[in-house]
Amino acid sequence: MKRLMLIRHGKSSWTLDAIGDLLRPLNSRGYSNLDVMVGRNILRDNTPDHICCSHAVRAYSTALGLCHGLSITIDKLSICPWIYTAAADEFLSRMQSYWGDNELIWLIGHYPTLESLVTQLVPNCSVKMPTLCCVLLEYDETSSVWHLLDADCPKSNFVLSQVSE
């Protein structure tokens, strides 16, 4: 089984008007919420084999904070600029090079692409992904289907719709 943890970066700062979007850092709440995030069972119980992270400062800062707080070695982290610009349908083809022997990959990225990716992989599933939201998906190789295993979306309306049989 292959598993994919989608993580939206922490709350970013909007106080620096002249700074470009890629360089926008986390704000103070974004940094302080990392302590809360590392205490979540969904992250502590699902240590990644590899982490793919957007090159945006706020995403990279989130990744470093999670690695530090969860004692994950930095050698598991890859900076992937394509995460910042890729559409949801590009993600899986780009991620194939990271699967290999890895069973669980964390992908740290942005709204709205992560929401779109969940919707594309798990039909009839609606997830609102505010900052610091985590969604765990599993790929069943026998049926070629993705399943939602768990979601931790603070301040979110998380809805899972089942298909009627």
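Just so you know, these numbers use all the heavy atoms, side chains as well, and skip hydrogens, waters and symmetry mates.
For Ser78 against His50, the heavy-atom pair with the smallest separation is OG-NE2, 2.7 Å. Between Ile7 and Leu66, the closest heavy-atom pair is CD1-CD1, 4.2 Å. Of all the heavy atoms in Leu43 and Leu70, the pair that sits closest is CB-CD1, 4.1 Å. Across Val122 and Trp146, no two heavy atoms sit closer than the pair CG2-O, 4.0 Å.
A donor-acceptor pair is defined here as one N or O able to donate and one able to accept, closer than 3.5 Å; such a pair exists between the side chain of Thr119 and the backbone of Glu115. At distances below 3.5 Å, at least one donor-acceptor pair connects side-chain atoms of Asn27 with backbone N or O atoms of Gly30. Remark: the backbone N or O of Ile105 is not paired with any side-chain donor or acceptor of Asp49 at under 3.5 angstrom. Looking at Gln96, its side chain never comes within 3.5 Å of a backbone N or O of Ser93 through a donor-acceptor pair. At least one donor-acceptor pair closer than 3.5 Å links the side chain of Thr62 to the backbone N or O of Gly10. Formation of a donor-acceptor pair under 3.5 Å by the Lys2 side chain with backbone atoms of Asn102 is found in this model. For the pair Lys76 (side chain) and Pro48 (backbone), a donor-acceptor distance under 3.5 Å is present. Asp152 places no side-chain N or O within 3.5 Å of a backbone atom of Cys134 that could act as its donor or acceptor partner. For the pair Arg44 (side chain) and Gly39 (backbone), a donor-acceptor distance under 3.5 Å is present. The main-chain N or O of Met129 is found under 3.5 Å from a side-chain atom of Arg8 such that the two form a donor-acceptor pair.
Side-chain atoms of Met95 and Ser97, non-hydrogen and from C-beta on, never get closer than 4.5 Å to each other.
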Trace of the side-chain hydrogen bond (donor to acceptor under 3.5 Å, both in side chains) decision for Thr131 with His9: CA-CA 6 Å; Thr131 56; His9 61 76; over 6 Å; no
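A side-chain N or O of His110 and one of Ser54 form a donor-acceptor pair less than 3.5 Å apart.
Counting heavy-atom neighbours within 6.0 Å of Glu90 CD, excluding the residue itself, gives a total above 12. Crowding of His55 atom NE2: a count of heavy atoms from other residues, nucleotides or ligands under 6.0 Å exceeding 12.
Cluster annotation: Val135 is connected to Leu92 through the hydrophobic network of ILVMFWY side chains, with a link wherever side-chain heavy atoms come within less than 4.5 Å. Val38 and Ile74 fall within the same hydrophobic cluster, where Ile, Leu, Val, Met, Phe, Trp and Tyr residues are linked whenever their side-chain heavy atoms come under 4.5 Å apart, directly or through other members.
Cys pair Cys53/Cys80: SG-SG separation is not below 2.5 Å.
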